[in-house]
2 protein chains.
Amino acid sequence: MQSATEENYLKVIHHFSSGTNTRVLTNQLAEYFNSTPSSVTDMLARLSGKKLVNYKKYYGVSLSEKGKKLAVDIIRRHRLWEVFLAKKLGFAWDEVHPIAEEMEHVSSNALIERLDKFLDYPKIDPHGDPIPDKNGNYKPVVLQPLSELKEGDKAIISKVIASDATLLSYLKEHLLIPGSEIKLLALYSFDGSVDLMINNKKKIHISKDVAQKIVVK
Amino acid sequence: MQSATEENYLKVIHHFSSGTNTRVLTNQLAEYFNSTPSSVTDMLARLSGKKLVNYKKYYGVSLSEKGKKLAVDIIRRHRLWEVFLAKKLGFAWDEVHPIAEEMEHVSSNALIERLDKFLDYPKIDPHGDPIPDKNGNYKPVVLQPLSELKEGDKAIISKVIASDATLLSYLKEHLLIPGSEIKLLALYSFDGSVDLMINNKKKIHISKDVAQKIVVK
DNA sequence: AATTATTTTTAGGTTAGTCTAAATTTAGTT
DNA sequence: AACTAAATTTAGACTAACCTAAAAATAATT
Ligand SMILES: [Mn+2]
Ligand SMILES: [Mn+2]
Ligand SMILES: [Mn+2]
Ligand SMILES: [Mn+2]
């Protein structure tokens, strides 16, 4: 068995190695966890001992096959709980993450299978991220920033890259949230700002800066 | 904040002191947790330091007001999750406990309030135990063993005192489970055994021994 | 290539939660 | 009251998960 801390590490290593570059660095993890490089070294040695990661001193880590399986399963659990929180309990999409961060560590497999069924086998979570099935399979959704759309294009917002609270509440107020349908009415070449139609109901003008932080599919 | 271990202690101390006698003994807790008396002493000192229990060396512990509040809240969380697992996910009443034992430690209060609403404010859990409301109020259900009913009495099974797996599956097979309605058809004075009608559908004969383990209300 | 800066590991220490074995206190019994 | 038995605490040790400070390895610059 693995602890909640170990599960969190696996999930984050998976996240950081999910792009092109495969190895994950000690300082990267330390910064992410608001921890110290020495604590990370400690944990990487532990995970290596459990054959969950491939770890070379001074070089970096990657997930082993065993570790990758586990990481994907934890991501599955996390995202299913997020769907439950949003769809069944009525939490907003930006409230579910910290709660799911705890729920994902409840260990029962039967629980997750039944939850999956109860939710009618959802494919994406409230942030637009794909949910792996029980075999760990999922297809990464093709995403692009809103700023790359052309005039007339329609898309669904699937994610918002923002941690700033004032920006988040601004986006929320104007329904620039995951799930909303948008149409690009006009693109102003002089500053990259755009006019949008949101859910066929409301027009809005946003800067290029903000448009780059709204990810659509 | 308190750890999951501390929460488990508070809950169990509440359980053991819930009867007439108020003080809970070290060995009692050690046995319950399959732990050692010295580990318990250690934890009691910790809980005492947090003002969650009143603890006198060599004498025993009881919950402080603060500790009692917390204990009741953990019981609330536990039983609400049990209802969720049974009613929404379709788990059997005898499968929900170990899962709820983990879920009860998820810390969000908003989560529990929304869960309560989602479940339509249930008053009892799948074992027939009462669920405290958000202020910690609940009325202990008046319970008696089936063996104390008189001929002609009707009752609802609210709990089964059994850990033996063969007995549990026997009871399950014959629908002698929480929620079932039973009527006492005959009481045999020579050995205390009884004839029952279960859910107005099936007759069964059970020994006094088993009748004493079926709690009804 | 030598020096400097950055990254990472090692060394040593802390807290929560556990254990075994020994000492102590309380309870029970001649 | 003295002795024995049971319950409980203390002492000392261990692991997981953290930390700070120092040492070592790697990367970047002169
Ligand atoms: Mn987590
Ligand atoms: Mn998500
Ligand atoms: Mn628990
Ligand atoms: Mn219960």
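All values below were derived from every heavy atom in this structure, side-chain atoms included, with hydrogens, water molecules and symmetry-related copies excluded. Residue numbering restarts at 1 for every chain, and letters A, B, ... go by the order of the sequence lines.
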Between atom [atom1] in [X] and atom [atom2] in [N], what is the gap in whole Å?
{"X": "A:Lys56", "N": "D:dA25", "atom1": "NZ", "atom2": "P", "result": "17 Å"}
{"X": "A:Glu31", "N": "C:dT6", "atom1": "CD", "atom2": "P", "result": "15 Å"}
{"X": "A:Asn8", "N": "D:dA16", "atom1": "CG", "atom2": "P", "result": "17 Å"}
{"X": "A:Leu44", "N": "D:dC18", "atom1": "CG", "atom2": "P", "result": "12 Å"}
{"X": "A:Leu25", "N": "D:dA25", "atom1": "CG", "atom2": "C1'", "result": "14 Å"}
{"X": "B:Asn34", "N": "C:dC19", "atom1": "CG", "atom2": "C1'", "result": "14 Å"}
{"X": "A:Arg23", "N": "D:dT26", "atom1": "CZ", "atom2": "C1'", "result": "11 Å"}
{"X": "A:Met1", "N": "D:dA16", "atom1": "CE", "atom2": "C1'", "result": "17 Å"}

At under 4.0 Å, does any side-chain N or O of [X] touch on OP1 or OP2 of [N]?
{"X": "A:Ser39", "N": "D:dA17", "answer": "no"}
{"X": "B:Tyr55", "N": "D:dT9", "answer": "yes"}
{"X": "A:Asn27", "N": "C:dT8", "answer": "yes"}
{"X": "B:Thr26", "N": "D:dA7", "answer": "no"}

Quick one: do [X] and [Y] make a salt bridge, cutoff under 4.0 Å?
{"X": "B:Lys69", "Y": "B:Asp73", "result": "no"}
{"X": "A:Lys172", "Y": "A:Asp94", "result": "yes"}
{"X": "A:Glu104", "Y": "A:Lys11", "result": "yes"}

Residue [X], side-chain atoms from C-beta onward, closest of [options]:
{"X": "B:Ser35", "options": "D:dT8, C:dC19, D:dC19", "value": "C:dC19"}
{"X": "B:Lys57", "options": "D:dT8, D:dT10, C:dT10", "value": "D:dT10"}
{"X": "A:Thr41", "options": "C:dC19, D:dC19, C:dT8", "value": "C:dT8"}

Give each protein N/O atom lying under 3.5 Å from an N/O atom of nucleotides 14-17 of chain C, with the pair distance.
residue: C:dG17; atom: OP1; partner: B:Ser3; partner atom: OG; Å: 2.5
residue: C:dG17; atom: OP2; partner: B:Arg46; partner atom: NE; Å: 2.7

### Query
Aromatic ring centroids of B:Phe84 and A:Phe84 under 6.0 Å?
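B:Phe84 vs A:Phe84: aromatic centres under 6.0 Å.
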### Message
Tell me whether the count of non-hydrogen atoms from other residues, nucleotides or ligands lying under 6.0 Å of NZ in B:Lys217 goes above 12.
### Response
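Yes.
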### Query
Is B:Ser38 touching bases, backbone alone, or none of the nucleic acid, heavy atoms closer than 4.0 Å?
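Base contact - B:Ser38 has a heavy atom under 4.0 Å of at least one base atom.
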### Query
Looking only at side chains, do B:Asp125 and B:His78 share a donor and an acceptor under 3.5 Å apart?
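There is no such pair between these side chains.
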#### Entry: 5' priority, DNA chain D, between A:Tyr9 and A:Tyr58 [closest heavy atom]
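Closer to the 5' end of DNA chain D: A:Tyr9.
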### Query
So, is the end of the A:Lys208 side chain (NZ or CZ) under 6.0 Å from the ring centre of A:Tyr188 and within 45° of the ring's axis?
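Checked: cation-pi criterion not met.
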